[in-house]
Amino acid sequence: MILSTYNINGVNGRIEILLKWLKERSPDVVCLQEIKCQDKDFPAKKLKEAGYFAIWQGQKSWNGVAILSKTEIKETKRGLPGDPADDHSRYIEAFIGGLIIGCIYLPNGNPAPGPKFEYKLKWLKRLTAHSKKLLSFGIPTILIGDYNVIPTDLDLYNPDRFRDNALFFPESKKAYKKLLALGWTDAIRTLYPDEIIYTFYDYLRNAFGRNAGLRLDHFLLSPDLSDKLIDGGVDKHVRGWQGASDHCPVWIEIQPTK
DNA sequence: ATGGCTCCCCTTGGGAGA
């Protein structure tokens with residue numbers, strides 16, 4: 001079973017890129033972030049024609065998340081619990097093929113410090129609380145998406161350039177670590193303990209050409225899945241396609257669950 | 001120190017991204 005994440009940076013603007021990649025990788029499940037469209041404008045029909053069911057939480061102009069699946073999707077949550085005043089579309093969750101899949105678009109948090117950074121930290125706290133609840137269900141669960149957190153110095157091309165960046169602030173890294181400490185496994189880092197792996201390349205300064213990247217897109221596996229992980233990787237070449245998102249698609253393969 | 005790039009708004013420049 002192949003699960004994937006792709007911050008598409010505008011699902012309608014890049015629908016052809018998404019369809020091309022879906023055909024190539026043929027993932028069973030896809031978590032999309034930054035769909036950047038209202039619910040009524042989500043390209044459900046085109047995705048259905050490509051063989052995918054979909055659920056989505058849209059929003060005008062910004063954010064927005066979706067889950068695609070070759071098999072039926074049972075939505076379990078729309079929006080991250082813990083703050084009724086939070087009107088950003090950043091979390092959607094579903095039960096698919098014996099798994100709970102959480103699709104995450106964590107706030108960027110820049111400029112830091114400031115209100116946006118406070119929102120990010122609060123969101124991370126809410127995610128940690130909700131993830132604890134998920135673990136208590138005893139169902140295999142994966143929290144997939146764009147965490148906007150660079151976990152360690154190995155996960156970016158130039159640590160010194162990012163000391164004042166919300167993605168790399170000590171509080172962000174600490175909160176991510178605290179989340180993992182509940183029992184979650186960072187799948188990509190587990191598969192490649194020492195390798196430099198990036199999932200994002202800025203449009204600016206020829207970042208992709210210089211391999212000046214960041215690792216921001218993560219799969220967190222519940223404890224019962226840690227020994228089911230088979231393979232995974234970054235579809236880096238997609239970042240080189242004309243008109244691509246600044247993120248790469250990332251995928252893992254796990255043994256099917258029943 | 002700044003801007004570089006790209007999306008979306010329903011624009012003709014601004015906000016946000018990371």
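Hydrogens, waters and symmetry mates play no part in the numbers below; they use all other heavy atoms, side chains included. Chain A is the first sequence line, chain B the second, and so forth, proteins listed ahead of strands; every chain is numbered from 1. On a predicted model such as this, the values are computed, not experimentally measured, just so you know.
For residues 77-100 of chain A, the pairs satisfying salt bridge (charged side-chain N to carboxylate O under 4.0 Å, His left out) are A/E75-A/R78, A/D83-A/K122, A/D86-A/R126, with sequence neighbours left out. Residue pairs meeting the ring-ring contact (aromatic ring centres under 6.0 Å, His included) criterion with at least one partner in residues 15-57 of chain A, sequence neighbours excluded, are A/Y6-A/W21, A/F42-A/W56. Pairs engaging residues 174-195 of chain A under the ring-ring contact (aromatic ring centres under 6.0 Å, His included) rule: A/Y147-A/Y176, A/Y176-A/H218 [sequence neighbours left out].
Where A/D41 and A/L204 meet DNA chain B, the nucleotide closest to each residue was compared, and A/L204 sits on the side nearer the 5' end. Both A/Q38 and A/K116 sit near DNA chain B, but only A/Q38 has its closest nucleotide nearer the 5' end.
Nucleic acid contact for A/N63: none, since no nucleic acid atom lies under 4.0 Å from a heavy atom of the residue. Using a 4.0 Å heavy-atom distance criterion, A/Y105 is classed as a sugar-phosphate-only contact. Among the protein residues, A/N148 comes within range of the sugar-phosphate backbone only, with heavy atoms under 4.0 Å from sugar or phosphate atoms but none that close to a base. Across all strands shown, A/H88 has no heavy atoms under 4.0 Å from either base or sugar-phosphate atoms.
DNA chain B is contacted by A/N9, A/G13, A/R14 of residues 8-15 of chain A, taking any non-hydrogen atom closer than 4.0 Å. Listed by residue number, the members of residues 209-218 of chain A with any heavy atom below 4.0 angstrom from DNA chain B are A/L214, A/L216. Residues from residues 150-167 of chain A placing a heavy atom under 4.0 Å of any atom in DNA chain B, listed by number, are A/L167.
Looking at A/K70, its side chain does come within 3.5 Å of a backbone N or O of A/S26 through a donor-acceptor pair. Of the possible polar contacts, one joining the A/S222 side chain to the A/T141 backbone as a donor-acceptor pair under 3.5 Å is found.
A gap of 14 Å separates the C1' atoms of B/dG17 and B/dG4, to the nearest Å. Here the separation of B/dT2 from B/dT12, taken at their P atoms, is 25 Å to the nearest Å. Across the P atoms, B/dA16 and B/dC10 are found 14 Å apart, a figure rounded to whole Å. With both ends at atom C1', the span from B/dG3 to B/dA18 equals 15 Å, rounded to whole Å.
Between the side chains of A/D217 and A/T199, at least one donor N or O lies within less than 3.5 Å of an accepting N or O.
The side chain to side chain donor-acceptor pair (under 3.5 Å) test applied to A/D155 returns A/T152, A/R189, A/R215, not counting sequence neighbours. Scanning for side chain to side chain donor-acceptor pair (under 3.5 Å) contacts around A/R239 gives an empty result, with sequence neighbours left out. In this view, A/Y198 satisfies the side chain to side chain donor-acceptor pair (under 3.5 Å) rule with no residue, not counting sequence neighbours. Qualifying side chain to side chain contact (heavy atoms under 4.5 Å, CB included) partners for A/F162, counting only residues two or more places apart in sequence or in other chains: A/I150, A/L156, A/Y157, A/N165, A/F168, A/L214. In this structure A/S226 satisfies the side chain to side chain donor-acceptor pair (under 3.5 Å) test with no other residue, sequence neighbours excluded.
For A/Y105 and A/Y91, the gap between ring centers reaches or exceeds 6.0 Å.
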Check your understanding: Can you list the steps and then say if A/H88 with A/Q57 is a side chain to side chain donor-acceptor pair (under 3.5 Å)?
Key -> CA-CA 9 Å; A/H88 290 201; A/Q57 185 196 31; over 6 Å; no
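Annotation: A/K173, atom NZ; neighbour count of heavy atoms from other residues, nucleotides and ligands within 6.0 Å is above 12.
Reading DNA chain B from its 5' end, the first and the last nucleotide to sit under 4.0 Å from a heavy atom of chain A are B/dG4 to B/dA18.
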